[in-house]
Amino acid sequence: MPDAPHVLRVALPLPLPHLFDYRSPAGVAVQPALIGHRVRVPFGNREAQGIVVGTGLAAGDGELRDALQLLDHAPLLSGELLASLRWLAHYLHAPLGEVLATALPAVLRRGEPVPDTTRHGWRLGEAGRTALPGMRMGKPQALAALLQATRAEPWLDAETPGWRASLRQLRDRGLVEHCVLDAMAIAPAPTQPAPILNDEQRLAAEAIRANSGFATFLLDGVTGSGKTEVYLDAIADCLASSRQALVLVPEIGLTPQALARFRARLGVPVHALHSGLTDAARARVWAEAWHGQARVIVGTRSAVFVPLPEAGLIVVDEEHDGSYKQFDGIRYHARDFAIVRARALDVPVVLGSATPSLESLHNARAGRYTHLRLRHRTGNAKPPAVRVLDIRKRPLQAGLSAESMDAIGAALGAGGQVLVFKNRRGYAPVLLCHDCGWSAHCPRCSTPEHATPMTVHGAGRRLQCHHCGTRKAVPMACPDCASLGLQPQGAGTERIEELLTARFSEVPVLRIDRGSTQRRDALQKHFETLGSRPGILVGTQMLAKGHDLPNLTLVVVVGVDEGLYSADFRSAEKLAQLLVQVAGRAGRADKPGQVLVQTHHPDHPLLHTLISGGYHACADAELAQREAAGFPPFAHLALLRAEAKHADPPMQFLQAAKDLLRDAGLDIAGPLPAPMPRRAGYQRAQLVLSSTQRGTLHGALDALVPALYASPDARKLRWSLDVDPVELY
Ligand code: ADP
Ligand code: ZN
Ligand code: ZN
């Protein structure tokens with residue numbers, strides 16, 4: 001029998017759990033050095049692109065095909081990053097090819113070359129230096145004077161708009177030369193000195209600095225306590241030893257203001273990575289990190305995948321934030337993966353928050369994380385005074401009580417700014433027929449037993465489903481009884497904006513939610529429009545963080561009642577975090593802040609604990625409940641979801657999965673219709689798997705998942721596995 005041929009093992013971005021063997025392209029020897037290279041291969045009657053993740057002897061005796069082409073001269077994924085991604089695929093029980101594709105920027109996923117990261121700049125040549133003293137004053141002369149020191153093009157764009165016209169003149173006279181820059185030459189020197197750290201900050205910064213290898217720090221500091229200064233100190237230390245720092249921030253936290261603060265302080269280029277960049281720009285930052293040129297990368301969730309060949313530090317700001325979890329495709333958690341990477345890289349990782357997740361608090365208490373606390377706001381800023389407003393039996397206008405309106409008027413009158421928070425965008429959450437009780441439901445997201453209301457938008461003219469995007473015009477008359485008495489019920493941000501604009505017409509009223517603020521810089525623009533003059537911001541949780549508003553003296557929280565009685569096991573934690581974060585926006589500078597929380601449930605224990613004991617008291621109470629109920633962080637969960645046009649196949653598929661798990665020693669809930677049993681026309685069901693032992697859960701998944709892929713029923717529906725789900729719907 002002839003020896004089995006040597007092959008490349010290729011991970012393809014397909015929902016299939018195995019690797020694919022190919023012969024090397026003509027003229028290329030199979031060798032381990034090819035691991036991490038992209039490769040184009042034939043797949044069925046088309047072509048696909050994957051990553052070589054191994055080499056070896058062909059396993060089966062199926063027909064082998066030749067790979068078409070290797071795309072790289074050096075491995076794109078290697079060392080720690082490739083190893084960590086393999087770990088992630090295994091942990092999530094997801095196909096390695098899909099995990100690797102998720103980790104790469106789109107340009108590289110499409111097979112395009114790694115972008116050239118050389119940066120260009122200009123400097124005065126020999127002739128220029130001779131000519132400069134005799135030049136006439138003017139723009140070309142001013143530019144020539146600047147170019148005595150080499151300047152990068154981005155620097156010129158930022159500092160001397162319109163420089164290209166002057167440059168053309170200088171170039172035509174042979175006075176300047178184009179040159180290649182090294183990465184460090186690009187950044188202007190730091191323009192802002194670091195403040196002197198206070199005692200708490202200094203202790204935290206010293207603890208982080210004292211550590212060179214892997215350790216996890218929970219930097220638990222109230223809003224405005226100066227956590228960012230501690231990050232900056234740790235980053236400066238990391239840069240001083242010529243290492244790279246990765247800073248993860250929530251989607252909404254990556255504001256131009258925040259970036260400017262990093263840039264002004266660090267004196268090296270700060271690379272931003274977020275969804276607002278073009279594919280080309282993202283690929284470029286990735287390539288700069290890959291080459292080790294990018295020293296500081298500040299990015300949102302997917303930045304956790306950047307290569308860090310010279311890593312020194314990882315920071316996860318607002319580590320409790322929900323935007324770190326990916327909700328579809330590869331359902332990774334960027335904070336958790338950051339810790340995995342830090343361990344593999346043997347560098348410290350700092351998790352910062354004013355409202356740490358219960359997971360992180362639990363880990364800190366168990367001694368796995370070093371708990372660093374900043375208990376005080378910096379300078380003269382005092383914590384805001386929080387008051388619960390009982391609105392039972394009070395007349396409400398667009399959800400606002402008379403007391404709230406008076407407080408808003410008073411705050412504006414004193415020259416302050418006001419933030420009105422309502423976690424519901426649109427005009428009203430429900431459209432109701434006052435005569436017969438009909439209400440508008442989404443036809444694609446409702447079942448006979450479970451109605452999903454459509455939200456009223458456009459000042460009462462449009463209906464929109466926030467789950468599937470279906471839009472309709474508001475009907476002229478009730479479809480059931482033909483009455484003209486259709487009325488929007490309740491209030492969303494649009495309706496509150498309408499009321500406040502009418503009532504406080506002398507000040508600007510700005511609405512901030514996903515409807516009004518699609519673009520990344522729109523939020524910033526809004527804040528700039530407002531400046532520091534009196535005015536009102538109305539918005540959803542997009543307002544909970546981001547831009548500093550030193551003049552903000554009043555926060556009104558309209559309606560927390562949905563959150564108080566939600567069925568989701570994380571709702572109390574999320575509500576406490578949201579309230580504390582929103583409240584933390586008030587009174588950040590010298591002016592004292594006030595927070596009003598309107599509720600129909602003033603005696604709810606969560607509100608009580610939060611106001612009397614603060615976030616940590618709430619977290620303690622909630623941790624005790626989770627422990628008693630067997631929920632994370634005291635148990636480990638996986639959520640198996642299935643959906644199809646008809647309700648039966650998902651239930652059957654999940655029942656079969658449950659049967660396979662009979663002897664696995666797990667707690668299993670379901671199969672049951674999902675809390676939202678139908679979405680966008682699909683019937684949804686779920687199975688919740690849980691165990692107090694992570695190993696037991698993962699052992700069971702190791703056996704289950706291949707069987708799910710192989711199951712003929714799986715082809716009749718869509719299914720997904722969410723390891724460590726954040727929400728159970
Ligand atoms: P956090 O990230 O905890 O919300 P920041 O780092 O943004 O807090 O700090 C809040 C404000 O206090 C910022 O304006 C910051 O410049 C200022 N600040 C922080 N630390 C100090 C310090 N040690 N001395 C003076 N000002 C400080
Ligand atoms: Zn009716
Ligand atoms: Zn819908």
Side-chain angles (χ1 to χ4, degrees), residues 187-211 215-241 243-250 252-270 272 295-299 312-321 338 347-356 360 364 369-383 545-550 552 580-581 584-590 593:
T191 52
Q192 253 177 35
I196 296 166
L197 298 184
N198 63 34
D199 289 350
E200 287 182 327
Q201 287 173 314
R202 193 169 40 73
L203 283 175
E206 280 169 4
I208 299 166
R209 276 181 185 245
N211 192 281
T216 311
F217 297 93
L218 177 60
L219 182 60
D220 177 351
V222 298
T223 42
S225 59
K227 292 183 290 299
T228 310
E229 292 302 333
V230 176
Y231 307 150
L232 284 165
D233 182 88
I235 296 167
D237 188 48
C238 164
L239 292 173
S241 51
R243 302 200 155 266
Q244 295 174 290
L246 170 64
V247 182
L248 299 180
V249 294
I252 210 75
L254 190 47
T255 60
Q257 194 188 35
L259 274 176
R261 184 167 171 199
F262 276 81
R263 292 202 164 114
R265 288 285 303 286
L266 290 171
V268 298
V270 172
R295 295 277 129 179
V296 181
I297 301 129
V298 182
L313 173 73
I314 302 180
V315 173
V316 184
D317 188 26
E318 309 286 359
E319 63 88 29
H320 66 279
D321 193 86
V347 301
V349 53
V350 180
L351 313 179
S353 176
T355 53
S360 295
Y369 299 172
T370 306
H371 201 168
L372 306 169
R373 302 227 23 202
L374 308 179
R375 293 165 202 268
H376 307 286
R377 288 185 158 192
T378 61
N380 296 326
K382 296 274 167 299
K545 47 204 153 211
H547 200 104
D548 253 358
L549 294 163
L552 187 71
V580 171
Q581 296 282 350
R585 302 300 308 271
R588 287 200 63 156
D590 295 337

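Positions are given from 1, in the same order as the sequence printed here.
- Partners of T370 according to the side-chain contact (heavy atoms from CB on, under 4.5 Å) rule, which considers only residues two or more places apart in sequence or in another chain, are F217, L372.
- Here R243 pairs with nothing under the side-chain hydrogen bond (donor to acceptor under 3.5 Å, both in side chains) rule; sequence neighbours left out.
- Interatomic distance, T355 OG1 to E319 CD, rounded to the nearest 0.5 Å: 8.0 Å.
- Here Q244 pairs with nothing under the side-chain hydrogen bond (donor to acceptor under 3.5 Å, both in side chains) rule; sequence neighbours left out.
- Between E229 and L232 the shortest side-chain heavy-atom distance falls below 4.5 Å.
- Here the straight-line distance linking atom OH of Y231 with atom CZ of R261 works out to 10.0 Å at 0.5 Å rounding.
- The nearest pair of heavy atoms linking H320 to S353 is ND1-OG, 2.8 Å.
- Closest of all the heavy-atom pairs between A204 and L374 is CB-CD2, 4.4 Å.
- Across every non-hydrogen atom of G312 and P348, the tightest pair is O-CD, 3.5 Å.
- In this structure R209 satisfies the side-chain contact (heavy atoms from CB on, under 4.5 Å) test together with D233, D237, sequence neighbours excluded.
- Pairing each heavy atom of I208 with each of A234, the nearest pair is CG2-CB, 4.0 Å.
- Qualifying side-chain contact (heavy atoms from CB on, under 4.5 Å) partners for A338, counting only residues two or more places apart in sequence or in other chains: L248, V304, I314, V316.
- Legend: residues meeting side-chain contact (heavy atoms from CB on, under 4.5 Å) with V296, ordered by chain and number and at least two apart, are I235, L239, L266, V268, V270, V298.
- No hydrogens or angles considered: nothing links the side chains of E200 and S225 as a donor-acceptor pair under 3.5 Å.
- Remark: side-chain polar atoms of R377 are paired, donor with acceptor, to backbone N or O of T223 under 3.5 angstrom.
- At distances below 3.5 Å, at least one donor-acceptor pair connects side-chain atoms of Q201 with backbone N or O atoms of G226.
- Nearest heavy atom pair, residue A364 against residue L218, reads CB-CD2, 3.9 Å.
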